[in-house]
Amino acid sequence: MRACICNLIAGRFGTSSRGDSEIFGFWLPPLDGGVCFVTMHAVNGDGLATTVTAALVAHAGTAPTARPPAPFANLENGCMFGSPDSPPDCGSVTVASQRTLFGSVFWDDGHPGSVTITDDCVGPLPDPSNAAFFSSSWLTSASPADTCTVTLRAVDLEGVATSIAAQYHVVAPGG
């Protein structure tokens with residue numbers, strides 16, 4: 001058997017949830033199989049580190065075709081996300097207002113991979129610590145008259161992606 005290093009070089013790892021002291025997720029081995037070394041490296045708050053490596057035998061095979069993940073999201077005003085091609089209009093907010101997104105992803109027959117949230121007026125938001133149920137808050141842009149699009153993208157470990165989006169408008173106070 002050939003050897004491969006599977007920690008980020010071959011195979012894929014997706015985080016389903018993470019906290020201060022743990023990470024849960026899924027690892028998919030490379031399709032061509034082989035002996036794989038999965039390595040975990042951890043560093044605590046004092047800078048002390050440890051590494052654990054496990055050798056696994058992965059058999060060659062064909063990955064099943066997964067159905068797309070099914071994300072759901074709404075903003076704090078109840079406005080639900082829709083198609084990125086024609087995102088719903090979620091109204092207006094004043095400059096530097098707080099927005100909050102509440103979301104979830106049903107991964108169906110795929111394995112949780114990644115969830116990214118981007119407001120095109122302020123940039124990428126921190127990745128959620130849980131890939132199934134999450135919320136994210138940020139301040140809107142400081143430029144009145146901006147039309148901003150918030151996009152949520154879910155990609156499973158099989159590589160299947162789904163995006164949803166919503167728009168809002170930034171107005172001056174009293175505007």
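Hydrophobic clustering (side-chain heavy atoms under 4.5 Å, transitive across Ile, Leu, Val, Met, Phe, Trp, Tyr) groups V150 together with V95. The hydrophobic cluster containing I164 also contains V105, counting ILVMFWY residues as joined when their side-chain heavy atoms lie under 4.5 angstrom apart, directly or transitively.
Here salt bridge (Lys or Arg N to Asp or Glu O under 4.0 Å) pairs that include residues 138-154, with residues two or more places apart or in two chains, number zero. Within the structure, the salt bridge (Lys or Arg N to Asp or Glu O under 4.0 Å) test picks out the following pairs touching residues 76-90 (sequence neighbours left out): E76-R99.
Under a 3.5 Å cut-off, the side chain of T140 and the backbone N or O of A96 do form a donor-acceptor pair. Formation of a donor-acceptor pair under 3.5 Å by the D120 side chain with backbone atoms of T149 is found in this model. Side-chain N or O atoms of N74 include none that pairs as donor or acceptor with a backbone N or O of F81 at under 3.5 Å.
Proximity of V160 to P69: side-chain heavy atoms (C-beta onward) are separated by under 4.5 Å at one or more points. Residues V170 and C148 are in side-chain contact: their nearest non-hydrogen atoms beyond the backbone lie under 4.5 Å apart. In this structure, the side chains of F134 and I117 come closer than 4.5 Å at one or more pairs of heavy atoms. Side chains of V171 and P144 form no contact here, defined as non-hydrogen atoms less than 4.5 Å apart.
The nearest pair of heavy atoms linking A165 to P84 is CB-CA, 3.8 Å. In this structure, F102 and S135 approach most closely via the heavy-atom pair CD2-CB, 3.8 Å. Shown here for T162 and P71, the closest heavy-atom pair between the two residues is CG2-CD, 3.5 Å. Shown here for A154 and W107, the closest heavy-atom pair between the two residues is CB-CH2, 3.9 Å.
Of the inter-residue distances, the one linking T147 atom OG1 with Q167 atom CD reads 6.5 Å to the nearest 0.5 angstrom. Distance check: S104 OG to N130 CG gives 10.0 Å after rounding to the nearest 0.5 Å. In this structure, L101 CG and S136 OG are separated by 6.5 Å, a value rounded to the nearest 0.5 Å. In this structure, D109 CG and R67 CZ are separated by 4.0 Å, a value rounded to the nearest 0.5 Å.
For the residue pair S97 / T94, a side-chain donor-acceptor distance below 3.5 Å is found, with atom types taken as modelled. Side chains of S137 and T100: a donor on one and an acceptor on the other come within 3.5 Å.
With sequence neighbours left out, D119 forms a side-chain hydrogen bond (donor to acceptor under 3.5 Å, both in side chains) with W138, Y168.
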